[in-house]
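Input: a single structure, listed below in structure tokens.
First listed ligand is number 1; within each ligand, the first listed atom is number 1. What's counted below: heavy atoms across the whole structure, side chains too, no hydrogens, waters or symmetry copies. In this chain, numbering begins with 1 at the start of the sequence shown.
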Amino acid sequence: MMKRQLQRLRPDTHGITTAATFLRAGGLVSFPTETVYGLGANACDDAAVARIYEAKGRPSFNPLIAHLGSRDAAEKLCRFNQDAKALAAAFWPGALTLVLPLKNGAKVSKLVTAGLETLAVRMPDHPVATALLSAFDGPIAAPSANPSGRVSPTTADHVVAGLGDRIDAVIDGGPCKVGVESTIVSCVDKPALLRAGGIPVEALEACLGQSLQRPGDPSVPVSPGQLASHYAPKGKMRLNARHAEADEVMLGFGPVEGDLNLSRSGDLIEAAANLFACLHRLDEMQASAIAVSPIPDTGLGRAINDRLRRAAAPRD
Ligand code: TXA
Ligand code: MG
């Protein structure tokens, strides 16, 4: 991983402009929200989003939240049903993330949605986040700005201690007011609670006039497209393959050539950036058997291998 010289930015016009410039160049910028500090990247730039996973050392690709400066900006990317409209009207800007169907043609990186057809969107309620979103003028993908497995940061010092040498900049906006992550509600189907957080469930239920479904409720059908946060191609996958059998489509990496290649130069950031697009492409090719070249199990390779193993595991 490249060592970076961190810039600690003030939450003034100069700091915000500098941060937006880093984002446009594919860099990583941590910024304050009312909940916790986020680790932001341009949500439309595959390689920039791959760097988020690299910096956090996440052993897997969880989908990320796209942060937006307005409801209109969110409506360009997602379909809002009546419940989603009511919740956004009542709680945005604020500590509520909505998981919604992605619109066709929305240019968000597939690494943000982890290949799913839904997108998590949130409009943060913090002047620095708002100023950054308006200066950058596009969706910012941001998980909490902590190394994987550590607690979420609520001050710029926490961010520097955890990720200081892995990111380009942090905007110091003081301590976060809420201190816990946003509440996540899926409005793909019946409204369902995916994660408890900064906005109490009671307030959401009062707004909707109905109770939220919870994961694990016997009444909630656990259908893959709905709540599951994983995407896998339909074909049967064979990992660590150096050659394809006659009936297989080959997904290559580095010198192992294939019908598709995650990264010819063997660059793991490029491979991560291409991963979900390649998996979707395999479905488009109607590949029923897929051979996947070995991927080194270091850095981002660990997350790539985790996803490939899940995709290759026996399914019902
Ligand atoms: O308060 C917050 O939400 C903070 C600040 C920075 O905004 N962000 C945050 O992000 O907590 P993160 O990456 O730590 O958590 C995002 C959660 C994950 O649990 C992920 O599985 C879920 O959101 N998520 C994202 N997209 C999803 C989707 N399409 N379907 C289901 N779950 C999704
Ligand atoms: Mg987190």
#### Entry: Partner set under side-chain hydrogen bond (donor to acceptor under 3.5 Å, both in side chains) for Asp168, not counting sequence neighbours
Arg4
### Query
Rounded to the nearest 0.5 Å, what separation is found between the CZ atom of Phe80 and the NZ atom of Lys85?
9.0 Å
### Query
When you check the side-chain N and O atoms of Gln7 and Thr18, is any donor under 3.5 Å from an acceptor?
no
### Summary
ligand 1 atoms nearer than 4.0 angstrom to some heavy atom of Gly38 are 6 (C)
### Query
Are a donor atom and an acceptor atom from the side chains of Ser144 and Asn146 found within less than 3.5 Å of each other?
yes
### Query
Under a heavy-atom criterion of less than 4.0 Å, does Thr113 contact ligand 1?
no
### Message
Quick test of your reading of the model: are Glu257 and Arg264 salt-bridged, counting only N-O distances below 4.0 Å?
### Response
yes
### Message
According to salt bridge (Lys or Arg N to Asp or Glu O under 4.0 Å), who are the partners of Glu284, at least two apart in sequence or on a separate chain?
### Response
Arg281
### Near the Mg ion (ligand 2) (under 2.8 Å) - protein N, O or S atoms
Ser144 OG
### Query
Got an N/O contact under 3.5 Å between Glu181 and ligand 1?
no
## Note on the structure
Short version for Arg58: what comes under 4.0 Å of ligand 1, heavy atoms counted, is side chain
#### Entry: Side-chain donor/acceptor of Tyr37 to backbone N/O of Val170, under 3.5 Å
no
### Message
Looking at Arg8 and Asp172, is there a salt bridge between them, counting it only when a charged N and a carboxylate O are closer than 4.0 Å?
### Response
yes
### Thr118: numbered ligand 1 atoms lying under 4.0 Å from its heavy atoms
28 (C), 29 (N), 30 (N)
### Task
Before signing off on this row, confirm whether Asn62 and ligand 1 have an N or O atom pair separated by under 3.5 Å.
no
### Summary
Quick note on ligand 1: atoms under 4.0 Å from a heavy atom of Arg195 include exactly 2 (C), 3 (O), 9 (C), 11 (O), 15 (O), 16 (C), 17 (C)
### Query
Should Arg310 and Asp306 count as an ion pair when the cut-off is N to O under 4.0 Å?
yes
#### Entry: Per atom 23 (O) of ligand 1, closest listed option by heavy atom (Thr183, Val188, Ile184, Leu116)
Ile184
### Message
Suppose we screen for salt bridge (Lys or Arg N to Asp or Glu O under 4.0 Å). Which residues come up paired with Arg122, at least two apart in sequence or across chains?
### Response
Glu34
### Query
Rounded to the nearest 0.5 Å, what separation is found between the CG atom of Asp83 and the NZ atom of Lys190?
10.5 Å
### Query
Among Ser144, Gly115, Ala192, which one has a heavy atom closest to atom 9 (C) of ligand 1?
Ser144
### Summary
Note: heavy atom closest to atom 26 (N) of ligand 1, options Cys176, Pro63, Pro124, Ala95, belongs to Pro63
### Message
Looking at ligand 1, is there an atom of it that comes within less than 4.0 Å of some heavy atom belonging to Glu34?
### Response
no
### Min N/O separation Thr33 to ligand 1 under 3.5 Å
no
### Query
Purely on distance, is any nitrogen or oxygen of Tyr37 under 3.5 Å from one on ligand 1?
no
### Summary
For His67, the atoms of ligand 1 under 4.0 Å from one of its heavy atoms are 5 (C), 6 (C), 7 (O)
### Query
Taking 4.0 angstrom as the limit, do Glu248 and Arg242 come out as a salt bridge?
no
### Query
Taking only heavy atoms of Ile65, which atoms of ligand 1 are found under 4.0 Å from at least one of them?
3 (O), 8 (N), 9 (C), 10 (O), 16 (C)
### Query
Going by atom types only, do Thr35 and Ser182 share a side-chain donor-acceptor pair under 3.5 Å?
no
